[in-house]
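Below: the structure, in structure tokens.
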Amino acid sequence: MNIKQAKAEIKQAIQAYLSKDLFGEYRIPAVRQRPILLIGAPGIGKTAIMEQIARECKIGLVSYTMTHHTRQTAIGLPFIKEKEYGGQIYSTTEYTMSEIIAAVYEQMEKTGLKEGILFLDEINCVSETLAPTMLQFLQYKTFGNHQLPGGWIIVTAGNPPEYNKSVREFDIVTLDRVKKIEVEEDFTIWKEYAYEQRIHGAILTYLEIKKEHFYDIQTTVDGKIFVTARGWEDLSRMMETYEALKIPVTEQLIIQYVQHPKIAKDFANYLDLYQKYQDIYHVEKVLEGNWDEQLKNRLEQAPFDEKLSVIGLMLDQLNADMMEADQIDQVTTEVFDYLKQWKMNLHRPIYKDKSGLDMIKEMVQEQTQKAGMQKKAGLLDRKAWQVQLQITKQLEQYEKQLNLIGEQTAQQAFDDIKAEFQNLVSERKERIAIGRKHLDTAFLFMEEVFGDSQEMVIFLTELSANSSAIRFISQNGCESYYRHNRELLFYEKQKSILEDIEAIQKRESMELL
């Protein structure tokens with residue numbers, strides 16, 4: 001199955017394991033909660049989906065790579081303890097708490113989350129001395145004398161033997177105690193994640209053109225050469241930073257992440273073309289409605305790869321627009337909730353003698369603590385953390401404004417901040433309006449250049465694969481999107497048209513040869 005299906009399977013299993021009956025007992029007792037074993041090639045997102053699942057289920061997450069552990073760190077160190085049996089004193093061996101179990105308790109203390117996931121990566125690469133201990137742990141949830149706290153689910157992951165020489169094959173005894181899920185790489189599914197993570201537009205467009213370069217691991221006479229989903233994502237972050245610092249992205253940089261010389265060179269060449277298309281087509285101007293016949297004619301006559309690249313440039317800008325609109329929408333909604341709570345508090349006796357400045361300080365403190373706790377608990381991804389920082393900054397700005405005004409009643413302060421809040425509401429409306437305008441203009445440009453062609457189907461396909469775009473369109477509408485879906489019988493035609501596209505790409509590749 002692909003990584004998206006695997007995530008759904010694991011999430012459902014965790015929800016089942018953590019569900020309780022009317023008496024507050026887990027419906028499936030711990031001894032029957034089979035650990036989950038996720039087997040898949042390196043770099044396809046096994047660790048990433050565990051972080052996502054923990055955030056979405058609002059539970060804790062403790063991760064360990066088992067190749068780093070010895071028997072002592074896993075089960076604890078032995079010590080001698082005297083015990084009395086039948087009136088006789090005996091020296092017995094006990095163990096200190098396992099480092100792994102201790103980490104779970106520390107996470108519970110730090111985050112306040114009493115349930116969670118213990119994720120053990122590279123489980124099938126443990127040392128020979130640790131293997132029997134791991135079998136005991138998978139069956140009884142204990143390391144040495146110490147048991148995993150109730151409400152903590154074991155998820156393990158490993159690579160198939162062809163990717164790692166250290167892999168130990170699991171026997172039937174072990175496999176009969178786990179829920180085994182095998183996962184394979186899938187570019188189409190990864191692309192949905194990539195849009196959410198703002199993977200660089202050049203990478204997405206390149207991989208759309210050359211899907212076979214998304215994931216590849218080979219053994220050659222010179223050693224292993226490979227490219228993985230993890231490599232593309234990490235390269236994207238570095239490219240984004242280099243561009244912000246105005247540092248050129250070179251082939252030497254690319255090959256540090258795409259450790260496959262042929263693909264790295266090919267992408268470096270494509271990146272040069274992508275940047276050239278940025279200069280030629282000025283997509284930001286096109287989305288404002290500024291294009292001429294010369295530009296249209298060039299794109300109409302362009303090779304198919306160039307057309308895809310320009311569509312990719314437009315989609316990248318649209319994605320940025322829609323994500324910015326979504327972000328400010330979230331900020332506005334949460335700040336509004338704080339102001340709504342403030343209004344309710346004005347009529348409560350406990351707040352009778354508090355000034356407006358006192359009340360806004362309480363809100364800033366509450367927001368800061370809430371965001372900090374969620375961050376510490378791992379419940380916020382990069383985008384969600386940025387939203388929380390913006391909310392905090394907005395509330396701090398209101399506090400600064402009240403400080404400048406001076407002493408006021410809570411009601412007077414609320415009225416002032418309520419009026420100031422309209423600026424945020426206006427900014428939200430403006431960002432949404434920009435997103436809608438750019439989206440409508442993109443459709444108009446596509447219609448003028450391509451009509452109801454395979455390029456339009458690609459454009460619709462990519463929008464439909466982007467959760468930010470779908471969320472934006474569902475909330476704010478886009479008649480062109482709905483109309484083209486109806487007119488093209490989008491879902492029915494999509495498969496056959498995309499097959500035609502692949503045939504065109506192969507034919508053009510042959511012509512180049």
| request: Please identify each residue that fulfils ring-ring contact (aromatic ring centres under 6.0 Å, His included) with Phe414, with sequence neighbours left out. | output: Trp342
| Strictly by modelled atom types, are Gln390 and Gln330 linked by a side-chain donor-acceptor pair under 3.5 Å? | no
| Heavy-atom side-chain proximity of Val62 to Trp152 below 4.5 angstrom | yes
| Gln411 side chain to Thr409 side chain, donor-acceptor N/O pair below 3.5 angstrom | no
| field | Salt bridge present between Lys393 and Glu396 (N-O < 4.0 angstrom) | value | no
| query | Which value, rounded to the nearest 0.5 Å, describes the distance between Ser355 atom OG and Ile360 atom CD1? | reply | 11.0 Å
| message | Side chains of Lys20 and Arg27, heavy atoms from C-beta outward: is any pair under 4.5 Å? | response | no
| task | Evaluate the criterion side chain to side chain contact (heavy atoms under 4.5 Å, CB included) for residue pair Ile154 and Phe119; output intermediate values, then yes/no. | result | CA-CA 6 Å; Ile154 301 170; Phe119 180 57; over 6 Å; no
| message | Show the nearest heavy-atom pair for residues Lys46 and Gly40, with the distance to one decimal. | response | NZ-O, 3.1 Å
| said: Using the rule given for side-chain hydrogen bond (donor to acceptor under 3.5 Å, both in side chains), can you reason through Tyr398 versus Gln394, listing the C-alpha separation, both sets of side-chain angles and the distance that settles it, and then say yes or no? | reply: CA-CA 7 Å; Tyr398 294 156; Gln394 190 67 43; 3.2 Å; yes
| query | Can you check whether Asn319 reaches Ser468 side chain to side chain, under 4.5 Å on heavy atoms? | reply | yes
| If you round to the nearest 0.5 Å, how far is CZ of Arg230 from CG of Leu235? | 14.0 Å
| How far apart are the closest heavy atoms of Ser453 and Glu455, and which atoms are they? | OG-OE1, 2.8 Å
Expected list for residues 4-11: side-chain donor-acceptor pairs under 3.5 angstrom, two or more places apart:
from: Lys4; atom 1: NZ; to: Glu192; atom 2: OE1; distance (Å): 2.9
from: Gln5; atom 1: OE1; to: Asn2; atom 2: N; distance (Å): 2.9
from: Lys7; atom 1: NZ; to: Gln52; atom 2: OE1; distance (Å): 3.0
from: Lys7; atom 1: NZ; to: Glu56; atom 2: OE2; distance (Å): 2.8
from: Lys11; atom 1: NZ; to: Glu56; atom 2: OE1; distance (Å): 2.9

| request: Would you please test His282 and Glu284 for side chain to side chain contact (heavy atoms under 4.5 Å, CB included) and show each step? | output: CA-CA 5 Å; His282 298 288; Glu284 69 283 354; 3.7 Å; yes
| task | State whether a side-chain donor-acceptor pair under 3.5 Å links Ser309 with Tyr270. | result | yes
| Is the shortest side-chain N to carboxylate O distance from Lys191 to Glu196 below 4.0 Å? | no
| Taking the side chain as C-beta and beyond, is there a heavy-atom pair between Ile254 and Ile263 under 4.5 Å? | no
| field | Atom NZ of Lys343: over 12 foreign heavy atoms under 6.0 Å | value | no
| task | Could you give me the CA-CA distance, side-chain angles and deciding distance for Tyr338 and Glu362, then say whether side-chain hydrogen bond (donor to acceptor under 3.5 Å, both in side chains) is met? | result | CA-CA 11 Å; Tyr338 274 112; Glu362 279 189 14; over 6 Å; no
| task | Apply side chain to side chain contact (heavy atoms under 4.5 Å, CB included) to the pair Trp190 and Ile199, showing each step before the final yes or no. | result | CA-CA 11 Å; Trp190 179 79; Ile199 298 300; 4.1 Å; yes
| field | Side-chain heavy atoms of Met373 within contact of Thr111, under 4.5 Å | value | no
| field | CD (Gln401) with more than 12 external heavy atoms under 6.0 Å | value | yes
| request: Please list, chain by chain and in numerical order, all residues satisfying side chain to side chain contact (heavy atoms under 4.5 Å, CB included) with Asp266, sequence neighbours excluded. | output: Tyr206, Lys210, His213
| With a distance cut-off below 6.0 Å to the six-membered ring centre and an angular limit of 45° from the axis, does Lys211 pair with Phe187 as a cation-pi contact? | no
| said: Main chain of Gln252, side chain of Gln256: is a donor-acceptor contact present, judged purely on distance under 3.5 Å? | reply: yes
| task | Take Tyr257 and Ser236, measure what side-chain hydrogen bond (donor to acceptor under 3.5 Å, both in side chains) needs, and give me the verdict at the end. | result | CA-CA 10 Å; Tyr257 295 87; Ser236 174; over 6 Å; no
| request: State which residues pass side chain to side chain donor-acceptor pair (under 3.5 Å) with Glu399; sequence neighbours excluded, sorted by chain then number. | output: none
| query | Considering residues, nucleotides and ligands other than Lys114, do more than 12 of their heavy atoms fall under 6.0 Å from its NZ? | reply | yes
| query | Should Arg382 and Arg237 count as side-chain neighbours, where that means a heavy-atom distance under 4.5 Å? | reply | yes
| Worked verdict on Asp279 versus Gln275 for side-chain hydrogen bond (donor to acceptor under 3.5 Å, both in side chains) | CA-CA 7 Å; Asp279 295 336; Gln275 291 165 343; over 6 Å; no
| request: Decide yes or no for Ile59 and Leu113: does some side-chain heavy atom of the first lie under 4.5 Å from some side-chain heavy atom of the second? | output: no
| message | I'd like to know whether Phe267 forms a ring pair (Phe, Tyr, Trp, His ring centres under 6.0 Å) with Trp232, so could you lay out the CA-CA distance, the side-chain angles of the two residues, the decisive distance to 0.1 Å, and finally the verdict. | response | CA-CA 11 Å; Phe267 177 66; Trp232 286 118; 5.4 Å; yes
| request: With sequence neighbours excluded, tell me which residues meet side chain to side chain contact (heavy atoms under 4.5 Å, CB included) with Thr332. | output: Ile328, Phe421, Leu424, Val425, Arg428
Pair up each side-chain donor or acceptor in residues 432-449 with any protein partner under 3.5 Å, not counting sequence neighbours, and list the distances.
from: Arg436; atom 1: NE; to: Asn476; atom 2: O; distance (Å): 3.4
from: Arg436; atom 1: NH1; to: Asn476; atom 2: O; distance (Å): 3.4
from: Lys437; atom 1: NZ; to: Glu288; atom 2: OE1; distance (Å): 2.9
from: His438; atom 1: ND1; to: Asp321; atom 2: OD2; distance (Å): 2.6
from: His438; atom 1: NE2; to: Glu288; atom 2: OE2; distance (Å): 2.7
from: Thr441; atom 1: OG1; to: Lys437; atom 2: O; distance (Å): 2.7
from: Glu447; atom 1: OE2; to: Arg483; atom 2: NH2; distance (Å): 3.0
from: Glu447; atom 1: OE2; to: His484; atom 2: NE2; distance (Å): 2.6
from: Glu448; atom 1: OE1; to: Trp291; atom 2: NE1; distance (Å): 3.2
from: Glu448; atom 1: OE1; to: Lys296; atom 2: NZ; distance (Å): 3.3

| SG-CD1 distance between Cys478 and Ile470, expressed to the nearest 0.5 angstrom | 10.0 Å
| task | Evaluate the side-chain proximity of Leu204 to Asp316: yes if any heavy-atom separation is below 4.5 Å, no if none is. | result | no
| About how many Å separate CG of Leu38 and OG1 of Thr47, when rounded to the nearest 0.5 Å? | 9.0 Å
| task | Could you walk me through whether Met323 and Tyr195 pass the side chain to side chain contact (heavy atoms under 4.5 Å, CB included) test, one step at a time? | result | CA-CA 10 Å; Met323 289 188 79; Tyr195 276 124; over 6 Å; no
| said: Does Gln294 have more than 12 heavy atoms from other residues, nucleotides or ligands lying within 6.0 Å of its CD? | reply: no
| query | Which distance, rounded to the nearest 0.5 Å, do you find between the CG of Leu271 and the CD of Glu251? | reply | 11.0 Å
| query | About how many Å separate CD of Gln386 and CD1 of Ile391, when rounded to the nearest 0.5 Å? | reply | 12.0 Å
| field | Ion pair check, Arg471 and Asp326, cut-off under 4.0 Å | value | yes
| Quick one: do the Asn345 and Gln341 side chains pair a donor with an acceptor below 3.5 Å? | yes
| field | Glu306/Arg298 salt bridge by N-O under 4.0 Å criterion | value | yes
